Amino acid sequence: MLQILTPLMRIIEIPMLALQRRLGVNKLAWVFLMPNLVLFGLFAFLPVLLNVAYSMTGGDNVLLGDRPYVGGRNFGLLAECDNFLDPNSCREDKFWRAIWNTSWFVTLQVGIMVGFSLLTAIILNRDIRARGFFRSVFFFPVLLSPVVVALIWKWILQRHGVLNAFLDWTGIGGYNWLVDAQWAFAWSVFISVWAHMGFYTLILLAGLQAIPRDVYEAALMDRASPWRTFRRITLPLLSPTLLVVLVLSLIKGVQTFDEVYAFTGGGPGTATTFIIQYIYEEGFAGAPRLFGLAAAASLVVAGVLVLLTLVQLWANRKNVDA
Amino acid sequence: MKSSLLKTSALATVFGLGATAAFAADEVRFMCYSDGNECEVYEDVLSRFEADNPEIDVIVDVVPYQAILENLPVQLAAGTGPDIAKVTDLGGLNQYYLDLAPHVDRGYWESAFGDTLNWYRGAAGGDGIYGMHSQLTITGGFVNATLFEQAGVALPASDASWSDWAAAATKVAKATGTDFPMAIDRSGHRVAGPAISYGAKLFDDAGDAILVDDGFTAFTQQFVDWHNDGTIARDVWAGQGGATYQDAAQEFINGELVFYYSGSWQVGRMDKNVGDFFDWKVVGSPCGPSGACSGMPGGAGIVGFEQTKHPKAVAAVIDYLAQEDVYAEVTARTRNLPAHSAVATKGVEFQDASPAAADALSAFAADLSDVSPIAFAYQGYAGNRAMYGITVERLSQAIVGELSVAEAMERASSDLKAALEETK
C-alpha cells in the first residue's frame, strides 16, 4: 500500500511545494479551505444574499432582474401594526397570527418536550427491565417522516378515526378534534412532542451516563435524599447537555412546518399556521406569489434563529468558564 | 494511408451527424395532469398524430395537478418550461403563451371555441389564439336520491333556492341520521356561483375586480350561519388552513352527505365509486335571492408557450387536438363536457359511462345556459386565482370565528387591493 501511496504523494507534493514557495505557509491554508469555501458560498452564503435582495423587491415576477426595488417596504408592511398583541390591528394580520401561534407553540412544545425527555432519560438510565426495548420505543417516532407522523395522527384523530371509535365504544362519545381551533393546536403540540422527544431523550441519556458514578455513591454514603441528589448533582452536572437540548429544540420549534402542515394544513382558520407556513404560502402557494414579503418574513425568522444560536454560544462559553 | 483513413472517418462522421440532424424529429414536451384518464387518452391520440407527422415527436409528461399550479409558473418564469401544458390558470399565465393564430385557421377556431378563447387572453386582451379549452366544467349540486326517498322528502324543484335545498337536506339528514345535510368544496371558485346567485357582482361598473359587495356579504353571512347551525359540514372549510383546496366527494360517496355542491369533473369519480350503493343525481345550481341560479364555468385547456424552440410543431399538435373528430373522441373517452361548439351541438356519447353518469353530464350541460355573464367574466379574469384564494382564507376565518363577517369582508377587500397593487 505504502509503495503505491508514496509515489502518489510525491506527485501531489511537487505542485504544493511550488505553491507554498509562492504563497507562503500561512496563505496556503486558504488553498485547502477553498473547495469548502466555494461550496459554502454557493449554497449557503449566496442564497442568503439573494434572500436579502428579494426582500427589498416587489411585484410577482420570479427573476430578480424583473422585480422593482422597493427598499424596506416589505419590512414596513410586516411591522405596520396598531397593537402587536392583536393581529387584527395589523396590516399583515396573517403574519402576526403566525408569529403568535409560533411563540405559543414553541413555549409549550419545548417546555413539555424537554421536561418529558428529561424524565424519560432518567427512567431509562435506571436499571429497569427491558431497558433496551424501551429506549428503542421512545426513539422510534424520530425515524418516521414528518408526513407519515401527520397522517398516522390524522387517521387517529379524524371524525371517524381510531380515537373517536374508542370514545364511542366507551360511551364517552367522540369529538371532531380537527375542526376545533384549541384542540387542533393542542394536538399539534402533542404530536410534535411525541415525534421529537426520542431524539432529545437520547442526548440527555448520554449526558446522564457521562456523570461519574462515584458522585452518586458519595451522595448515597451521605444519605442524601433522591430529590436532593437530583437537584444538587444530576441537574447541575447535566446542565450543559440540557442547554444544548433546549437551544436545539427551540430552533427546531421555530422551524416547525411539515408535520403540522400535513396534519391540519394550518387550520382551522389560522389556528395552527406557523411562521414557516406563512412564508411558504406567501411565496409559493398563494396568488400572487409575494416573494418579497416572504423573503422579508424569512429574514425575520433568520434573525430570531441567529439570536437563539448566540444565546447558546454565550451560555456554552459561560458554562466552560464556570 | 493513415491520413486518408482519418479523412474518410471524419467525413463519414460529419455526414452521419448531418443526416441525423436532418432527420431528427422536433421534440415537443407536453406537461399534462389528469382528473381522470385525460393524459392517457392524449398519449394514445397523439401517437396517431406522430405516425402522420414523423417530423414531430410528442412526449407527454404526466405530472400531479400541484405541479401545474406551483412548479409550472416558476419554470416558465425561469425559461425552462415545457412546450405545451394542460393548465387551469387560463388567463393568469397569458404572458407566457404562444399565439397560435399565425399557424392555425382562425375562422375554424373562433367558430369552434368562441368565448372560451377570451379566457386565455387574460389582462392583455387582443384577438390572439392562445389555448384550446379541452374540458369545460360547470359547478353544480349532487344529491343522494336514496336518502330523499328513505326520508320521504320530495326533491326540491329545478328552480328551488339555496334556502329550499338547505331546508330539505336538513330534513333528510335528520330523518335518516345522515352526518351532514350539505357541503361545498373548499374553493373560491366553488362558492362564486352561489355568491353570484346571492347578488355578488365581483366587478364594478368599470370592470375592475372588487370581490366584496352587498351580495357577496349576504352570501358569506348565510354561509357562516349554515356552518354554525350544522347545515354545512364544518370538516371541509374548518378542517384546513390557508387557501388549501378540500372537497367533500368522499363524504358524499360514503353516504354521509345529502347535498354536495361541486362540479362536473366529479361525475367520473361518483360513477366509479358510488356504484349501486345508492342513487345519485345532479340537480344543477340552486337559485339565490337575486333570481340568478348560476354555477361557475371553468375547466382546463391546452396551451403552447412562447419560449418553445418549435412553435410550428407546437401549434400543429394543439391544432390537431382541436379538430372536431379528435376533440369529440377525446371528450367521449375522458367523459368531459365539450367546449367545442360543433361537438357540443352534435352531442357526445360518453364511453363506458353508466346511465347515472350520462344523465349527470347531460344535466350539467343543460345547466350551462343558466350561468351568469358575471361567472363567465370571473372565469376569464386574469387575477381570479388571487380572488379565489382570498375568498377561501377570509371565509374560513369567519367560519371558525377568528373574524366577524364584517371584518372578513374588510380584510378580503384590502387583500384584493394589495394583490392588484402588487401585480400592476
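Just so you know, these numbers come straight off a predicted model, no measurement behind them. In the text below, chain A, chain B and the rest are named by the order of the sequence lines, each starting its count at 1.
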Would you name the heavy atoms of [X] and [Y] that are closest together and state the gap between them?
X: B:V400; Y: A:P268; answer: CG1-CB, 3.6 Å
X: B:A77; Y: A:L63; answer: O-CD1, 3.3 Å
X: B:T423; Y: A:P288; answer: CG2-CB, 3.4 Å

Between chain B and each of A:V62, A:N88, A:T273, count heavy-atom pairs under 4.5 Å; write down the option with the most.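 Answer, by heavy-atom pair count under 4.5 Å with chain B: A:N88.
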Where on [X] is there a heavy atom nearer than 4.5 Å to chain A: the side chain, the backbone, both, or neither?
X: B:E251; answer: side chain
X: B:D89; answer: neither
X: B:L403; answer: side chain

Check: [Y] and [X] side chains under 4.5 Å, non-hydrogen atoms:
X: A:R159; Y: B:E256; result: yes
X: B:R411; Y: A:K94; result: no
X: B:T244; Y: A:Y261; result: yes

From [atom1] ([X]) to [atom2] ([Y]), nearest 0.5 Å:
X: B:E393; Y: A:E281; atom1: CD; atom2: CD; result: 6.0 Å
X: B:R234; Y: A:D180; atom1: CZ; atom2: CG; result: 8.5 Å
X: A:Q158; Y: B:D235; atom1: CD; atom2: CG; result: 9.0 Å
X: B:E402; Y: A:D93; atom1: CD; atom2: CG; result: 9.0 Å

Looking at chain A, which one of [options] has the largest number of heavy-atom pairs inside 4.5 Å, strictly under?
options: B:L76, B:L69, B:D179; value: B:D179
options: B:S396, B:G383, B:A386; value: B:A386
options: B:G79, B:G241, B:G92, B:G242; value: B:G241
options: B:R385, B:Q95, B:E421; value: B:R385

Engaged part of [X] at the chain B interface, taking heavy atoms whose separation is under 4.5 Å:
X: A:F291; result: neither
X: A:P87; result: backbone
X: A:T270; result: both
X: A:L178; result: backbone
X: A:L293; result: neither
X: A:D60; result: both
X: A:R73; result: side chain
X: A:A184; result: neither
X: A:R97; result: side chain

Crowding at [atom1], [X] (>12 non-hydrogen neighbours, <6.0 Å):
X: A:F199; atom1: CZ; value: no
X: B:E410; atom1: CD; value: no
X: A:F84; atom1: CZ; value: yes
X: A:F116; atom1: CZ; value: no
X: A:K154; atom1: NZ; value: yes
X: B:Y245; atom1: OH; value: yes

Before you tell me yes or no, could you show the steps for B:E70 and A:R289 under salt bridge (Lys or Arg N to Asp or Glu O under 4.0 Å), namely the whole-Å CA-CA distance, both residues' side-chain angles and the distance that decides it to 0.1 Å? CA-CA 10 Å; B:E70 290 175 12; A:R289 290 179 170 80; over 6 Å; no
Could you tell me whether a side-chain N or O of B:E422 sits under 3.5 Å from a main-chain N or O of A:G59, the two making a donor and an acceptor?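 Yes: the side chain of B:E422 pairs with the backbone of A:G59.
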